[in-house]
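Everything numeric in this text was worked out from a predicted model, so none of it was measured. Ligands are counted one by one from 1 in listed order, and the atoms in each one are counted from 1 as well.
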Amino acid sequence: MYDDDIEFDDESCPKCGAQCYARRCSEIGCDDGWIDRYDEDPLWYSPGEEERCDTCVGTGWERWCPKCGYDLQRKEYINGEPSNSTYTQEFEEFSDADPGL
Ligand SMILES: [Zn+2]
Ligand SMILES: [Zn+2]
């Protein structure tokens, strides 16, 4: 099944109407939607220099449709096109690589 930290989102999918999921952004270094670049690469960035996270677009949350794979934050399909069979499995594989931040 899914990770414990995945929750049901308030909204349903604008594309297919399915119940959407949400969870804290798993992007490495993402802290409530912002990534501290200095932390990642002190040579190129100044202390405190932050960049908006692409994955959650600055919200700190990933929200997606498990049915068609539509990403509600980025407003695009995660797999580039609708897919209702492979996405869930791919997402779980992706979670396994999550270092637990
Ligand atoms: Zn993020
Ligand atoms: Zn959908």
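Geometry about the Zn ion (ligand 2) gives an angle of 110° between SG of Cys16 and SG of Cys13, rounded in steps of 10 degrees. Between Cys68 atom SG and Cys65 atom SG, the angle centred on the Zn ion (ligand 2) amounts to 110° (nearest 10°). Around the Zn ion (ligand 1), the two atoms SG of Cys56 and SG of Cys30 are separated by an angle of 110°, to 10 degrees.
Looking only at side-chain heavy atoms (C-beta outward), Cys65 and Cys16 come within less than 4.5 Å of each other.
Classification of the Tyr21-Trp64 ring pair by plane angle, with boundaries at 30° and 60°, yields perpendicular.
Note on Arg24 versus Glu62: no salt bridge recorded, every NZ/NE/NH1/NH2 to OD/OE distance being 4.0 Å or above. Checked for salt-bridge contact, Glu51 and Arg37 meet the test: a charged N lies under 4.0 Å from a carboxylate O.
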